[in-house]
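See structure below.
Values in this document were obtained by computation on a predicted structure and should not be read as measured data. Values below: every heavy atom of this structure, side chains too, minus hydrogens, waters and symmetry copies. In the text below, chain A, chain B and the rest are named by the order of the sequence lines, each starting its count at 1.
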Number of protein chains: 2
Amino acid sequence: MKTSTQERKQYLEPAQGCVCFNLRKSARAITQLYEEALRPTGLRATQFSLLVATRLHGVATINRLAKSLVMDRTTLTRNLKPLENQGFLRTTPGSEDRREREVTLTIAGQDILSKALPLWKQVQQQVTKALGQTRVDRLLKDLSATIEVIEGS
Amino acid sequence: MKTSTQERKQYLEPAQGCVCFNLRKSARAITQLYEEALRPTGLRATQFSLLVATRLHGVATINRLAKSLVMDRTTLTRNLKPLENQGFLRTTPGSEDRREREVTLTIAGQDILSKALPLWKQVQQQVTKALGQTRVDRLLKDLSATIEVIEGS
DNA sequence: ATATAATAAGAGTATATACACCTATTGTTG
DNA sequence: CAACAATAGGTGTATATACTCTTATTATAT
């Protein structure tokens with residue numbers, strides 16, 4: 001394939017400047033680091049976040065959890081499966097509205113979360129130290145702004 | 001499950017402050033927006049990035065492509081499949097080193113990329129306008145820094 | 001030159017992601 | 001109350017992601 005400088009140049013921006021690509025790329029990279037840290041627990045990054053979110057909700061439904069995670073409802077359903085299978089989460093039909101499913105942490109779920117928490121703290125501190133607190137705070141704020149922009153679209 | 005304020009508080013940070021979770025969450029959100037924009041082409045966000053990266057490489061091997069995308073080699077192999085099946089990419093055994101596979105864009109691949117480029121430009125501009133050029137530039141720089149930190153770990 | 005080490009890449013398995021379509025339950029309206 | 005609309009959630013399918021193990025080829029050491 002012959003390629004002129006001109007032809008190639010128009011694809012530098014979609015590579016280096018693409019917000020989507022660079023966010024996905026960074027997410028892949030950081031996920032590696034966090035999953036390595038969480039490996040002693042056997043939890044994946046998403047699974048840790050799901051347990052934390054469930055813990056914070058107390059009693060959560062699929063829709064509410066999905067909304068708070070900015071995750072498709074059907075994705076969440078699938079992601080809950082391995083955690084249910086391992087006995088970390090329990091889902092029961094809604095007591096008032098039987099269409100709903102109530103998701104709660106089990107004792108085993110609380111235990112694994114307690115084990116995971118210090119490992120998370122360690123890797124989070126490692127990242128914070130390497131990037132600097134200022135940059136981490138700025139990054140988190142910019143990420144929040146990005147999500148708000150998208151949800152407003 | 002009884003939950004004291006004290007117990008719950010320790011999980012606010014792993015939710016709101018976790019670099020990994022928030023990067024993944026933002027990646028999910030922004031992917032939705034870009035994939036909606038690219039829908040007329042049938043390309044997913046990753047597929048668009050793969051075509052762009054291949055275009056920039058001219059001739060790429062699996063390892064080199066994977067490295068530049070910060071993507072696991074085996075992930076890349078899987079991601080190439082749908083693009084090969086649709087005839088957008090071709091992979092051939094390396095001419096000098098037969099262990100390698102050379103990945104190149106086909107004519108059909110160049111065509112779909114030409115169709116996708118203006119759609120990408122539009123959504124990228126939309127995001128840039130909404131976030132502001134300053135914040136986009138800052139975000140991209142911070143994301144790069146994040147990746148560098150991880151690769152240095 | 002051959003045995004061995006190193007490198008490039010694929011396959012098996014498991015999780016993550018979301019769209020389109022479907023079912024069950026609840027709410028609403030005549 | 002019965003018909004219909006709205007809502008909560010699951011399934012089928014396809015892609016995305018990466019770890020472990022395996023094969024094929026190349027490089028190296030004796």
Side-chain angles (χ1 to χ4, degrees), chain A residues 20-21 23-36 38-39 42-51 60-67 69-86 88-89 91-103 150, chain B residues 20-21 23-36 38-39 42-51 60-67 69-86 88-89 91-103 150:
Chain A
C20 182
F21 170 60
L23 265 172
R24 290 179 68 88
K25 189 167 63 165
S26 297
R28 280 194 296 269
I30 198 98
T31 298
Q32 300 279 51
L33 197 63
Y34 277 72
E35 296 205 334
E36 187 191 332
L38 291 173
R39 203 150 291 158
L43 290 175
R44 309 287 294 264
T46 296
Q47 298 177 341
F48 174 72
S49 297
L50 247 70
L51 294 180
T61 65
I62 303 289
N63 269 335
R64 278 198 288 272
L65 254 183
K67 182 83 83 178
L69 296 162
V70 190
M71 181 182 284
D72 189 271
R73 176 182 55 76
T74 68
T75 300
L76 175 59
T77 297
R78 300 282 155 84
N79 288 348
L80 292 177
K81 271 285 147 56
L83 293 170
E84 288 184 78
N85 292 341
Q86 289 180 274
F88 297 147
L89 289 181
T91 69
T92 53
S95 45
E96 295 182 13
D97 188 336
R98 274 173 303 173
R99 290 172 301 185
E100 295 180 341
R101 307 263 301 161
E102 290 174 354
V103 185
I150 294 161
Chain B
C20 183
F21 170 61
L23 266 172
R24 290 179 68 88
K25 189 166 66 164
S26 298
R28 280 194 297 269
I30 198 98
T31 299
Q32 300 279 49
L33 197 63
Y34 278 72
E35 295 204 335
E36 186 190 332
L38 291 174
R39 203 151 291 157
L43 290 175
R44 310 284 297 261
T46 296
Q47 297 177 343
F48 175 72
S49 297
L50 247 73
L51 294 181
T61 66
I62 303 289
N63 268 337
R64 277 198 288 271
L65 254 184
K67 181 83 84 178
L69 296 164
V70 191
M71 181 182 285
D72 189 88
R73 177 183 57 74
T74 67
T75 300
L76 176 59
T77 297
R78 300 280 153 89
N79 288 348
L80 292 177
K81 270 285 146 57
L83 293 169
E84 288 183 80
N85 292 342
Q86 291 180 273
F88 297 148
L89 289 180
T91 70
T92 53
S95 46
E96 294 183 13
D97 188 335
R98 272 173 305 173
R99 290 172 300 186
E100 297 180 343
R101 306 262 303 163
E102 290 173 355
V103 185
I150 295 162

Minimum heavy-atom distance between A:Ala45 and A:Glu35, given as atom pair plus value: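 The answer is N-OE2, 2.9 Å.
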Indicate the atoms forming the closest heavy-atom contact of A:Leu23 with B:Ala27, along with that distance.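 That closest heavy-atom pairing would be O-CB, 4.1 Å.
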With the criterion being N/O to N/O and under 3.5 Å, what pairs connect the protein with nucleotides 17-21 of chain D, and how long is each?
{"unit_1": "D:dT17", "atom_1": "OP1", "unit_2": "A:Arg24", "atom_2": "NH2", "d": "3.1"}
{"unit_1": "D:dT17", "atom_1": "OP1", "unit_2": "A:Arg28", "atom_2": "NH1", "d": "3.1"}
{"unit_1": "D:dT17", "atom_1": "OP2", "unit_2": "B:Asn79", "atom_2": "ND2", "d": "2.9"}
{"unit_1": "D:dA18", "atom_1": "OP2", "unit_2": "B:Asp72", "atom_2": "N", "d": "3.1"}
{"unit_1": "D:dA18", "atom_1": "OP2", "unit_2": "B:Thr75", "atom_2": "OG1", "d": "3.4"}
{"unit_1": "D:dA18", "atom_1": "N7", "unit_2": "B:Thr75", "atom_2": "OG1", "d": "3.3"}
{"unit_1": "D:dA18", "atom_1": "N6", "unit_2": "B:Arg78", "atom_2": "NH1", "d": "2.9"}
{"unit_1": "D:dC19", "atom_1": "OP1", "unit_2": "A:Gln32", "atom_2": "OE1", "d": "2.7"}
{"unit_1": "D:dC19", "atom_1": "OP2", "unit_2": "B:Asp72", "atom_2": "OD1", "d": "3.4"}
{"unit_1": "D:dC19", "atom_1": "N4", "unit_2": "B:Thr74", "atom_2": "OG1", "d": "2.8"}

Extract the stems that DNA chain D is part of, considering only consecutive pairing runs of at least three Watson-Crick or G-U wobble pairs, both distances under 3.5 Å.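 Listed by first number, the stems are C:1-30 with D:1-30.
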What pairs with A:Glu84 under side-chain contact (heavy atoms from CB on, under 4.5 Å), at least two apart in sequence or on another chain?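 A:Leu80, A:Lys81, A:Leu89, A:Thr91.
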Residues in side-chain contact (heavy atoms from CB on, under 4.5 Å) with B:Arg28, at least two apart?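 side-chain contact (heavy atoms from CB on, under 4.5 Å) list for B:Arg28, sorted by chain: A:Leu69, A:Met71, B:Phe21, B:Arg24, B:Lys25.
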I need the [atom1]-[atom2] distance between [X] and [N], as an integer number of Å.
X	N	atom1	atom2	value
B:Asp97	D:dT23	CG	C1'	15 Å
A:Arg64	D:dT7	CZ	C1'	13 Å
B:Arg99	D:dT26	CZ	P	7 Å

Want to settle it: does B:Ile62 or A:Gln86 sit nearer the 5' end of DNA chain C, counting the closest nucleotide to each?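 Upstream on the strand: B:Ile62.
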Where each residue is assigned the nucleotide of DNA chain D containing its nearest heavy atom, which of A:Glu102 and B:Leu80 is assigned the position nearer the 5′ end?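 In this pair, the answer is A:Glu102.
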Go through B:Leu50 and B:Leu76 one step at a time and tell me if the side chain to side chain contact (heavy atoms under 4.5 Å, CB included) criterion holds. CA-CA 9 Å; B:Leu50 247 73; B:Leu76 176 59; 3.9 Å; yes
Supply the atom-to-atom distance A:Arg78 CZ to A:Thr46 OG1, rounded to the nearest 0.5 angstrom.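 One gets 15.0 Å once the value is rounded to the nearest 0.5 Å.
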Measuring from atom CZ of B:Arg73 to atom OG1 of B:Thr61, what distance do you get when rounded to the nearest 0.5 angstrom?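 Answer for the CZ-OG1 pair, B:Arg73 versus B:Thr61, is 11.0 Å.
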Would you check if the side chain of A:Glu102 reaches a backbone N or O of A:Thr92 as a donor-acceptor pair within less than 3.5 Å?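 Such a contact is absent between A:Glu102 side chain and A:Thr92 backbone.
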For chain A and DNA chain C, what are the first and last nucleotides along the strand, 5' to 3', with at least one atom under 4.0 angstrom from a heavy atom of the protein chain?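 Result: C:dT15 to C:dT26.
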Should A:Arg101 and A:Pro93 count as side-chain neighbours, where that means a heavy-atom distance under 4.5 Å?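 With C-beta onward as the side chain, the pair touches.
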side-chain hydrogen bond (donor to acceptor under 3.5 Å, both in side chains) with A:Asp72: which residues, sequence neighbours excluded?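 Partners of A:Asp72 by the side-chain hydrogen bond (donor to acceptor under 3.5 Å, both in side chains) criterion, ordered by chain and then number, come out as A:Thr74.
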Check step by step if side chain to side chain contact (heavy atoms under 4.5 Å, CB included) holds for B:Leu83 and B:Leu43. CA-CA 9 Å; B:Leu83 293 169; B:Leu43 290 175; 4.2 Å; yes
